[in-house]
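Here's the structure we're looking at; comments come further down.
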Amino acid sequence: MNILTLPLGPLGTNCYIVADPAGTAAVIDPGGDADQVLRTLADRQWRATHILLTHAHFDHIGAVAELHTALSLPVALHPLDLPLYRSGGGGRNYGLTFEIGPDPAIALDAIATVAVGDLSFEVLFVPGHTVGHVAFCEHGHNAVFSGDVLFEDGIGRTDLPGGSYATLMESIRQQLLTLPDDTAVYPGHGPATTIGRERRQNPFLATD
Ligand SMILES: [Zn+2]
Ligand SMILES: [Zn+2]
């Protein structure tokens, strides 16, 4: 499994391009700069089959429309984040407007996994940062793409519309901390980490 991290868009949000050995790829959270995604795919001769969205904040969806126009990829999103998606992900509050992508073709409450070539992403429902947030876990390669739920030494904000601290903590404990310690965590912002490191060192997850 090949994982490329591209910090894109107004906040430098991590977009991940994840490909199997044959070059069949998913684009996770393209927050802007569609040209960079397209160039990367072309350079590697990878063929993207899906746009997977962890949630619908503007900094994770800004390039969806352009990528969809260029590549006709189905967009996958949890339906509870659909109103946020259709309203531009809250970007207007920051004066950011962009073309909003097509309605998602794949509803992530209805399926347990998304197959991308040889890869299989389990959909983990992890609300709390937004109401329809999911994470994508590739169990065979011990990797989880966690969006804005769990970061190195941090957790997602819960002060935005739809946020809930109690729900977020329950999502982290039940869906993420139950994964093996050596599971790599690829978050929406900042460096990659592991479940084990965050279980031991993340100040927001300390138990007494
Ligand atoms: Zn977010
Ligand atoms: Zn974000």
Side-chain angles (χ1 to χ4, degrees), residues 3-18 26-34 36-37 50-67 75-101 104 106-109 121 123-137 143-173 175-176 184-193 198 202 204-205:
I3 302 171
L4 295 181
T5 308
L6 305 179
L8 300 181
L11 302 184
T13 302
N14 291 329
C15 169
Y16 296 101
I17 305 179
V18 187
V27 179
I28 301 176
D29 288 355
D33 305 312
Q36 282 195 47
V37 176
H50 294 76
I51 296 171
L52 304 181
L53 301 177
T54 60
H55 67 297
H57 278 148
F58 67 90
D59 61 308
H60 296 250
I61 66 171
V64 168
E66 270 181 84
L67 289 179
V75 177
L77 177 74
H78 193 289
L80 286 176
D81 261 20
L82 190 54
L84 184 63
Y85 177 87
R86 286 175 173 157
S87 70
R92 274 184 218 151
N93 301 338
Y94 303 91
L96 292 165
T97 53
F98 52 88
E99 188 190 347
I100 294 165
I106 301 172
L108 292 176
D109 63 337
F121 294 94
V123 179
L124 306 179
F125 183 51
V126 286
H129 174 69
T130 65
V131 291
H133 200 301
V134 301
F136 300 102
C137 188
V144 65
F145 299 87
S146 62
D148 288 357
V149 170
L150 180 63
F151 306 111
E152 181 183 85
D153 289 335
I155 59 173
R157 290 174 65 167
T158 55
D159 58 329
L160 298 167
S164 161
Y165 177 78
T167 303
L168 182 77
M169 293 306 284
E170 191 179 315
S171 292
I172 292 171
R173 294 194 188 287
Q175 299 284 359
L176 298 181
V185 177
Y186 295 94
H189 304 272
T193 180
E198 298 317 306
N202 190 312
F204 296 91
L205 305 180

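Just so you know, residue 1 is the first one in the sequence shown, and it goes up from there. We count ligands from 1, going down the list as the structure has it; atoms in each ligand are counted the same way.
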ask   = Which single N/O/S atom of Asp59 lies at minimum distance from the Zn ion (ligand 2)?
value =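 Considering only N, O and S atoms, Asp59 comes nearest to the Zn ion (ligand 2) through OD2.
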task = Please confirm whether the backbone N or O of Pro79 pairs with a side-chain atom of Asp109, one donor and one acceptor, at under 3.5 Å?
result =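 The answer is no, because no donor-acceptor pair under 3.5 Å joins these two groups.
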key: Whether Asp33 side chain and Leu8 backbone form a donor-acceptor pair below 3.5 Å   =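 Side chain of Asp33 to backbone of Leu8, a donor-acceptor pair under 3.5 Å: no, none is there.
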request  = Quick one: report the N, O or S atom of Asp148 that is nearest to the Zn ion (ligand 1).
outcome  = OD2
His57: its N/O/S atom lying closest to the Zn ion (ligand 1) (atom name) =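 It is ND1 of His57.
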request  = Return the orientation label for the Tyr16 and Tyr186 ring planes: parallel under 30°, perpendicular over 60°, tilted otherwise.
outcome  =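 Rings of Tyr16 and Tyr186: perpendicular, as their planes differ by over 60°.
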task = Could you tell me how the ring of His189 sits relative to the ring of His60: parallel (under 30°), tilted (30 to 60°) or perpendicular (over 60°)?
result =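 Correct class here is perpendicular.
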task = Please determine which of His78, Glu170, His133 meets the side chain to side chain contact (heavy atoms under 4.5 Å, CB included) test together with Val126.
result = His133
ask   = Near the Zn ion (ligand 1), is there an N/O/S atom from His129 that is less than 2.8 Å away?
value =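 Short answer: yes, at least one N, O or S atom is under the cut-off.
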query = Would one find an N, O or S atom of His55, in either backbone or side chain, under 2.8 Å from the Zn ion (ligand 2)?
reply = no
ask   = With a cut-off of 2.8 Å, does any N, O or S atom of His189 fall short of it relative to the Zn ion (ligand 2)?
value =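 Yes, within the cut-off.
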